[in-house]
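These numbers come from a predicted model, not from an experiment. All residue numbers in this chain count up from 1 along the given sequence. We count ligands from 1, going down the list as the structure has it; atoms in each ligand are counted the same way.
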Amino acid sequence: MRRNIVAGNWKMNKTLQEGATLAKELKTALTGKTVNCDVIICSPFIHLTAIHETVKDSQVKLGAQNCADKVSGAYTGEVSAAMVASTGAQYVIIGHSERRAYYGETNAILKEKVRLALDNQLIPIFCIGEVLEEREAGKQNEVVNKQISESLFDLSAEDFGKIVLAYEPVWAIGTGKTATAAQAQEMHAFIRQTVAGKYGTAVAAETSILYGGSANAGNAKELFSNPDVDGGLIGGASLKVETFLPIAEAF
Ligand code: PGA
């Protein structure tokens with residue numbers, strides 16, 4: 001179902017103790033407050049159990065940043081979707097551009113990860129987005145279409161309906177260079193239209209599409225006011241309550 005979502009992607013930041021403290025601070029800051037969005041923390045794997053204990057009875061939800069493309073077995077260093085789910089986490093980021101670029105995650109691998117996440121009742125936050133050269137060549141729609149169709153379009157409409165999409169232009173991630181509200185809206189509308197082409201307008205209308213890439217308290221309101229932007233995937237600004245909470249309050 002389409003929802004407003006503000007999700008923090010901590011990436012490889014915070015020790016266990018620092019992460020536990022931040023989660024507690026966020027929970028406290030939200031206590032007694034009503035925000036018009038789901039607030040999600042996506043922490044490193046080792047933080048999940050501790051943070052789940054902290055946030056389980058609050059409005060803060062929890063997710064991982066990745067999961068393995070295999071069920072279980074001899075895959076040293078990997079963490080399966082079932083393991084993520086067993087911590088109490090409900091979400092998992094899949095296909096972040098840093099995973100695609102630095103760890104060779106292809107559309108085919110990501111398709112496996114999405115399948116396993118869904119098999120384990122996790123909600124995938126599936127990331128898509130073009131690099132700068134692709135945008136400069138006017139190929140952003142083609143790139144995003146390929147990412148979505150190759151990883152997701154074998155899903156049933158019912159399963160697709162469980163997925164959250166996150167459009168993150170790679171040139172905007174961690175660069176301070178946000179897509180303009182108009183650029184975000186244009187791409188989000190294209191994504192929704194792509195989903196409609198495959199699954200119909202009802203499924204497309206119910207899909208949450210988040211924007212990510214240098215989103216912050218200063219630009220969130222304008223980004224979120226677009227009809228097809230349903231929230232944000234927030235990196236740098238999610239690492240402190242005072243920079244993260246105002247983004248959730250922008251709705
Ligand atoms: P950023 O990262 O907000 O630091 O640009 C967003 C993301 O990569 O999810």
Point to revise | Close residues, ligand 1: non-hydrogen atom nearer than 4.0 Å | key: N9, K11, H96, E168, A172, I173, G174, G213, S214, L233, I234, G235, G236
Exercise for review: Applying side chain to side chain contact (heavy atoms under 4.5 Å, CB included), name anything that partners K198, two or more places apart in sequence or on another chain.
Suggested key: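 Result, side chain to side chain contact (heavy atoms under 4.5 Å, CB included) vs K198: F153.
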Practice item. For M12, enumerate each residue passing the side chain to side chain contact (heavy atoms under 4.5 Å, CB included) test, keeping only those at least two apart in sequence or located in another chain. Key: none
Review point. Which hydrophobic side chains are connected to Y91, either touching it within the sub-4.5 Å cutoff or through other members that do?
Key: I5, I40, I93, I123, I125, V164, L210, L233
Point to revise | Pair E168, H96: side-chain N/O donor-acceptor within cut-off below 3.5 Å | key: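 Present: a donor and an acceptor within the cut-off.
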Practice item. Report the residue from H52, Q90, K56 that forms a side chain to side chain contact (heavy atoms under 4.5 Å, CB included) with L62. Key: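 Per the side chain to side chain contact (heavy atoms under 4.5 Å, CB included) rule, the option paired with L62 is H52, out of H52, Q90, K56.
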Review point. Counting only heavy atoms not in E249, do more than 12 fall under 6.0 Å of its CD?
Key: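 Enclosed.
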